[in-house]
Structures are given as structure tokens and as C-alpha cells.
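Just so we're on the same page: letters track the sequence lines, and every chain starts at 1. Because the structure is predicted, anything quoted here is derived from the model rather than measured.
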Protein chains: 2
Amino acid sequence: MVTLAEVAQHAGVSASTVSYVLSGKRSISTTTRQRVEQSIRELGYHPNAGARALAGKRSNIIALMIPLRTDMYVPVMMEIAIAVATTARTHGYDVLLLTGEEGPDAVRRVTGSGLADAMILMDVELEDERLPLLRRTGQPSVLIGLPADTDGLTCVDLDWTATGALCVEHLAGLGHRDIAVIGEAPAVYERHTGFAERTLDGLRTRARETGVRVLHRPCDGGYDAMAVTLARILDERPATTGFVVQNESAVEPLLALLRQQGRAVPEDVSVVAICPDQVAVQASVRLTSVAVPAQEMGRYAVEHLVAKLDGRGGDDLVLIAPELTVRASSGPAPAAS
Amino acid sequence: MVTLAEVAQHAGVSASTVSYVLSGKRSISTTTRQRVEQSIRELGYHPNAGARALAGKRSNIIALMIPLRTDMYVPVMMEIAIAVATTARTHGYDVLLLTGEEGPDAVRRVTGSGLADAMILMDVELEDERLPLLRRTGQPSVLIGLPADTDGLTCVDLDWTATGALCVEHLAGLGHRDIAVIGEAPAVYERHTGFAERTLDGLRTRARETGVRVLHRPCDGGYDAMAVTLARILDERPATTGFVVQNESAVEPLLALLRQQGRAVPEDVSVVAICPDQVAVQASVRLTSVAVPAQEMGRYAVEHLVAKLDGRGGDDLVLIAPELTVRASSGPAPAAS
DNA sequence: ATGAAAGCGCTAACAA
DNA sequence: TTGTTAGCGCTTTCAT
């Protein structure tokens with residue numbers, strides 16, 4: 001294993017000079033710098049991460065806590081994780097992958113051990129049990145998702161309330177008066193995941209304002225669950241002509257079932273999805289949708305964290321404005337029969 | 001920040017004693033151990049990761065390289081990643097998330113810096129450019145996926161050749177004589193991803209043996225691409241009655257298209273999928289499928305790595321035997337018309 | 001069964 | 001512009 005001392009000797013300079021060449025924290029004459037860089041290359045030197053962390057008091061690692069469950073939004077999680085990892089690298093950070101399994105203990109462990117300099121939490125719940133600890137320790141962190149109380153925290157998220165409102169607005173504008181919302185799995189609501197509840201809020205508020213009726217039904221993914229849910233909806237509200245779907249694994253089943261029942265999209269019923277663009281485009285009907293900006297959230301989280309670690313920027317609350325893209329699944333409400 | 005020295009002082013013992021209580025590497029009297037453990041709890045001590053890595057020469061971190069692309073098997077990747085992370089924790093390891101982006105450089109960086117003790121590579125290509133380096137450095141590692149030459153490497157994978165064979169066998173056994181294979185995106189074959197080519201091998205070999213005709217067509221995901229692909233297949237081989245699908249995002253489109261054309265599943269055509277069980281069960285027709293054992297692969301990779309790091313076990317090649325579950329999408333071939 | 005002390009490889013004052 | 005040196009917090013011989 002090549003050490004800094006060996007590089008120094010090889011280049012005929014002191015250890016600190018090599019260190020400073022690496023960190024750029026003081027000016028070095030061009031000739032020295034080049035000799036050192038040459039030696040580094042020749043010897044194949046890589047600074048030891050442990051020593052660096054110990055002496056420099058920063059590990060250059062960002063911890064990313066992802067949810068253990070995979071009952072929702074797997075592609076979104078993955079996209080965020082990849083965006084976090086690549087963005088982190090461009091800033092010289094590596095990413096430590098933590099699952100929610102350990103819960104608050106993971107926060108304690110990572111903070112206490114100096115394993116990571118900062119952390120990003122995904123799948124934040126409204127009353128998340130990790131938050132008190134985060135606030136208390138002052139650990140630099142960014143939440144992806146919004147808890148009930150954001151005081152003293154930095155959060156990034158899609159503006160779900162606006163997203164819900166936007167969906168209703170679009171359908172209402174097309175003349176739909178009875179809208180059904182096909183939501184995430186019941187478990188998601190039971191654990192008070194912020195985005196699900198906020199979306200619902202937005203949906204309902206704007207519905208009230210526009211005089212539209214909204215029926216919300218959670219739905220486990222898959223064809224069978226969707227069949228049951230759809231049957232119930234049409235039973236309770238036969239006049240339903242608009243659907244908002246916030247559940248990736250219900251999208252295609254819904255379309256299949258509507259087709260099967262002879263309800264044409266968008267002639268008879270309109271469908272608006274809340275999902276990544278890729279899903280919307282690949283569906284059997286190109287879906288009018290509000291995109292979940294996964295990459296943007298991941299990138300932003302890292303950049304904010306890096307700024308914090310560099311002493312720039314403080315707490316912040318970033319709500320990304322939703323964008324609705326009109327595709328082939330929504331159109332004017334059919335004339336009332 | 002609480003240090004080991006502070007714990008030692010608080011407990012009235014020496015630093016080494018605290019260290020040994022933590023590592024269990026030498027016997028400690030019960031009373032001392034209890035005093036030390038008490039102090040650790042009272043002070044909220046967490047060993048510093050950097051110092052530990054520096055002095056102990058192991059970081060207790062396993063690096064996981066995931067592919068950057070998300071053109072295939074996102075849920076599988078995610079499941080593997082989560083299985084790796086949770087299994088690693090049960091063995092006292094943390095997981096560093098690397099994307100393929102850096103390529104071989106990442107291997108060099110992680111190895112050289114002592115950031116991780118070992119690595120797991122996903123999405124291994126037949127002639128993967130990271131392998132020479134891995135072999136040369138002797139870095140403890142496990143590949144998930146099989147390269148062309150496995151010499152000196154440890155690999156885990158589903159036995160894709162057997163998987164392909166099994167699918168043909170099942171359909172042939174049901175009397176199907178013309179089988180179409182709907183594969184991954186063309187790009188997957190172009191970069192010679194091992195599993196895709198091996199599956200094809202298994203498919204073709206067994207087809208030859210059972211006197212069945214096989215037509216293979218790569219397919220980008222989504223409805224439109226699937227429509228084009230299906231049209232071509234039925235054009236070239238109108239007698240096709242069996243389908244093997246190895247592309248998650250083509251599954252539902254295929255089913256929808258078949259339905260649309262009035263071809264009943266499984267009465268007119270049979271479909272066998274290669275996908276996670278969850279996908280097979282949630283599809284609009286419960287799919288006969290060969291499962292991709294994602295969790296098992298992740299868990300095995302970690303366990304093998306831990307064994308290696310503990311000086312137990314060496315190189316190894318584990319091919320997980322495929323299992324085909326018969327569900328509602330396959331049945332006897334219709335009588336020839 | 002326990003302690004004392006020498007590093008592990010690096011960073012960052014402090015000097016020159 | 002460069003060198004010298006004192007740690008960072010831990011593990012692990014070597015002693016006792």
C-alpha cells in the first residue's frame with residue numbers, strides 16, 4: 001500500500017506538501033506540484049480514507065436512508081438513489097446506503113461514529129421518529145419528503161398539494177364533475193406518509209373550489225385489487241368520468257379494466273396519472289400525467305448538503321412546482337347522459 | 001464527541017481494556033466488562049469509524065456497484081440492493097453505493113483508499129472491463145452475474161441457461177411448436193450482458209432438442225414498441241402459440257395486445273415470463289413464470305464476502321437453479337388449424 | 001486479567 | 001513557497 005510519506009520521499013518533498021497538493025489548501029509552485037503529481041501517478045497512490053477521516057474530521061461520505069418497503073414507487077426510489085450517488089461523486093462524496101430497518105438507531109450510529117458527514121432521508125413520515133434526533137444533534141441533513149413540522153430542517157419535495165390541485169383543475173377544466181382518485185396502498189395512508197395525505201388535501205380543496213365531487217380509494221397494486229376497487233367506485237359513483245391515479249402498479253390494470261368494460265379513454269373517461277414520465281409514456285395509452293421529478297430531488301438534496309457542509313446556505317424548504325403534461329388519456333367530459 | 005479514552009477514564013480502566021471489551025478479542029472479567037459497558041451507555045459512546053479503519057486496517061464497509069442505466073430490471077436491482085444492505089448490517093458491515101459511472105476507476109479508488117473491504121458488482125458484462133483489475137488486485141469481491149471467464153472470481157447468478165431451457169421445456173411439454181421470445185431492449189444484447197445471452201442459449205439449445213422453433217426479438221419496453229414487435233413476430237411466424245417474455249416492461253403491453261387481437265390466454269396462446277414473482281402475480285393474467293431470486297442473490301453475495309473476509313471460503317461459482325411456477329397464463333397448445 | 005505505549009496515514013497549525 | 005511536528009481515536013503488541 002502506497003502512503004503519502006512514500007510519495008513525499010519519491011518526489012523529494014515533505015509530507016505536508018503532498019497533502020497540500022492534494023487538497024489545494026495552499027499555493028504550491030508549479031514545478032513542485034508537477035513533481036508530486038508525477039510521483040502520485042507513478043506510485044499509484046490513493047489517499048487512505050480512514051486516515052483522512054480521522055485527521056480531517058470529515059469522511060466525505062453522505063448517508064442515504066432508503067425505505068425498506070417496496071410497496072411503492074420503486075422506480076422513483078431507484079432514480080433518486082442513482083441521482084444522489086452520481087451527484088455526490090461530482091462533489092467528491094461517496095454514498096452510504098442505509099435501509100430504514102435500523103430506524104433512529106442508524107442516525108445515531110452514523111452521527112456518532114463519524115461514518116458520514118451528512119444524511120439524506122427518504123420516505124419521511126409526517127411524525128417521523130428520526131426527526132427529534134436529527135434536530136437535537138444538528139446533523140447536517142436533507143429530507144426528501146415533508147414531515148408535519150419542518151422547523152429547523154431542510155426538505156425537498158414535489159409540491160404534492162399543488163399536484164393534487166393541478167390534477168383536479170385539469171379534469172374540471174375539461175368538464176368532468178365526478179372524479180375518482182385511485183391512491184396508494186392502504187398501508188401507505190396508515191403510516192401517514194406525507195406525500196399521500198398532501199396530495200389528497202390538494203385534490204379535495206381544489207375540488208371544493210371548482211364544485212367537483214371527489215371519491216378517494218386506496219388501492220393495493222395489481223390487477224385483482226384494481227378490479228375490486230374500480231367496481232366499488234363505479235358502484236358508488238356511476239357518473240364518474242375522471243380518474244386520478246397515484247399508484248404506479250395500478251395504472252396499467254386500470255387501463256386494461258376500462259378497456260374491458262368498453263369505456264374508451266379519453267372519449268368516455270379521462271385518466272390523469274401521478275408517476276414518472278417513463279411510466280406515463282410506456283403505458284398502453286400515453287398518459288396525461290404529473291411527473292415525479294426524482295432526479296431533480298436527488299440532485300438538489302446533495303447540492304444543498306454540500307453547501308451546508310461548506311458552510312454556505314442553511315435550512316430551507318424547497319417545494320418543486322408540479323408540471324402536468326397533457327397526453328392521450330384526458331379529454332372533454334362526455335355529454336351528460 | 002465521546003472517545004474511547006473518555007470511556008476508559010469514566011470506567012476507571014485503560015483504553016485497551018475498553019477496546020477489548022468492544023472487540024471481544026481477549027477475556028475480560030465480568031465486573032470490568034459490566035463497568036465498561038455501563039460507561040459506554042452512560043456517555044453514549046460510538047467508536048469512530050475513521051480511527052477504527054486506520055488502526056484496524058478494515059473499514060467494515062462493502063461497496064456495491066449498481067448499474068447506472070435503468071433500462072432493465074429496476075425492481076430486481078432494488079431488491080438486490082436492499083437485500084445486500086440488510087444482510088450486510090447483520091454482519092456488522094455498512095454498504096457503500098457506487099454507480100457504474102466511474103467504471104474501473106471506482107474499483108481502483110475503493111481498493112486503493114481502503115474505503116471498502118470488499119465489493120459486490122452487479123450487471124456484469126461478458127467481457128467486463130473491471131475484471132482484470134479485480135483479478136490483479138485480489139480484492140475480495142463477488143459478482144452478481146456471470147462473465148465469460150469466471151476464473152479466479154466468485155460469482156452468483158440465476159442459472160439463466162437452465163432458465164431458458166426450462167421455459168422451452170414447459171411450453172414444448174404443452175405441445176407448443178412455435179415459440180417467440182420477447183427479449184430485453186436491443187441495447188442489452190449489444191453490450192453483451194451475460195444473462196441475456198445465456199438465456200437465449202438455453203432457449204435455443206432446448207428448442208433444438210425438443211424440435212421446437214424459436215424466434216427471438218429484442219424489445220424496448222412499453223406498449224408501442226411491443227405492438228411493433230408483436231406484429232413482426234406474427235407476420236414471420238403466424239403459427240406462434242407460445243411466448244417467453246424476458247422484459248418486465250413488455251409483459252403488460254403484450255397481454256393487452258393479445259387481448260385486443262382476440263387471442264385468449266392461455267386458450268389460444270401461452271405466455272411464460274421471466275420476472276420477479278410480484279410482477280407475475282400482479283399482472284392482468286397471473287403469469288406462469290420463472291422467478292428472479294433477487295433477495296437470495298444479494299444475501300448470498302454478502303455472506304460469501306463476509307466468509308472471505310474472515311478467511312473462510314474461497315472462490316466459488318453459485319448458479320441458482322431456476323424454478324418455474326405454473327399459473328394461469330400457460331396451457332395446452334390449441335389443436336393445429 | 002489488565003495496562004502502557006507504539007503506531008496506523010493523514011491534516012493543519014506553527015515555523016521558517 | 002515549503003518543512004516540521006503534534007495530534008486525530010483506535011488497535012495491538014509487549015509487559016506485568
With respect to the phosphate group of C/dT2, does any side-chain polar atom (N or O) of B/Thr32 fall under 4.0 Å of OP1 or OP2? yes
What's the CD-P distance between B/Gln34 and C/dA1, to the nearest Å? 14 Å
Could you tell me how far apart B/Gln9 (CD) and C/dG3 (P) are, to the nearest whole angstrom? 13 Å
Between A/Leu4 and B/Arg33, just flag the one whose closest nucleotide in DNA chain C comes earlier from the 5' side. B/Arg33
Answer with yes or no whether A/Arg26 presents, from its side chain, a donor or acceptor under 3.5 Å of a partner atom in the base of D/dG3. yes
How far apart are the C-alpha atoms of B/Arg135 and B/Asp151, what are their side-chain angles, what is the distance that settles it, and do they pass the salt bridge (charged side-chain N to carboxylate O under 4.0 Å, His left out) test? CA-CA 9 Å; B/Arg135 269 190 264 253; B/Asp151 216 55; 5.8 Å; no
Contact under 4.0 Å: A/Lys25 side-chain N or O vs C/dT11 OP1/OP2: no
Quiz question: going by heavy-atom distance under 3.5 Å, is there a donor-acceptor pair between the base of C/dG3 and the side chain of B/Ser16? yes
For C/dG3 and B/Thr17 - does any side-chain N or O of the residue sit under 4.0 Å from the phosphate oxygens OP1/OP2? yes
Can you tell me how far C1' of C/dC10 sits from CE of A/Met1, to the nearest Å? 10 Å
Consider the side chain of B/Tyr20, meaning its heavy atoms from C-beta on, and name the nucleotide among D/dG9, D/dT12, D/dC10 that approaches it most closely. D/dT12
Rounded to whole Å, CZ of A/Arg35 lies from P of D/dT1 at a distance of 15 Å
Nearest-neighbour nucleotide for the B/Ala55 side chain, C/dC10, D/dT11, D/dC8 considered: D/dT11
Which is true for B/Ser19 with a 4.0 Å heavy-atom rule: it touches a base, it touches only sugar-phosphate, or it touches nothing? base
Can you tell me which nucleotide in C/dG3, D/dG3, D/dT1 comes closest to the side chain of A/Ser29? D/dT1
Quick one: closest heavy-atom pair of A/Ser113 and B/His46, and the distance? N-CB, 3.9 Å
Take atom NZ of A/Lys57 and atom C1' of C/dA13, then tell me their distance rounded to the nearest Å. 13 Å
Rounded to whole angstrom units, what separation is found between the CG atom of B/Leu115 and the P atom of C/dG9? 16 Å
Do B/Tyr93 and B/Asp117 have side chains that get closer than 4.5 Å, going by heavy atoms? yes
For the student: nearest non-hydrogen atoms of B/Asp157 and B/Gly145, plus distance: OD2-CA, 3.1 Å
Using whole Å, report how far CD of B/Glu6 lies from P of D/dC10. 9 Å
State whether a side-chain donor-acceptor pair under 3.5 Å links A/Ser14 with A/Thr17. yes
What is the separation between atom CZ on A/Arg58 and atom P on C/dC10, rounded to the nearest whole Å? 18 Å
Of the listed nucleotides (D/dT2, D/dC10, C/dC8), which one gets closest to any side-chain atom of A/Ile28? D/dT2
I'd like to check A/Ile144 versus A/Val124 (side-chain heavy atoms, cut-off strictly below 4.5 Å). Are they in contact? no
Would you please confirm or rule out a distance under 4.0 Å between OP1 or OP2 of D/dG9 and any side-chain N or O of B/Arg52? no
Taking only the side-chain nitrogens and oxygens of A/Ser14, find out if one of them lies under 4.0 Å from OP1 or OP2 of D/dG3. yes
Given that B/Thr30 and B/Leu54 both sit by DNA chain C, which one's nearest nucleotide is further toward the 5' end? B/Thr30
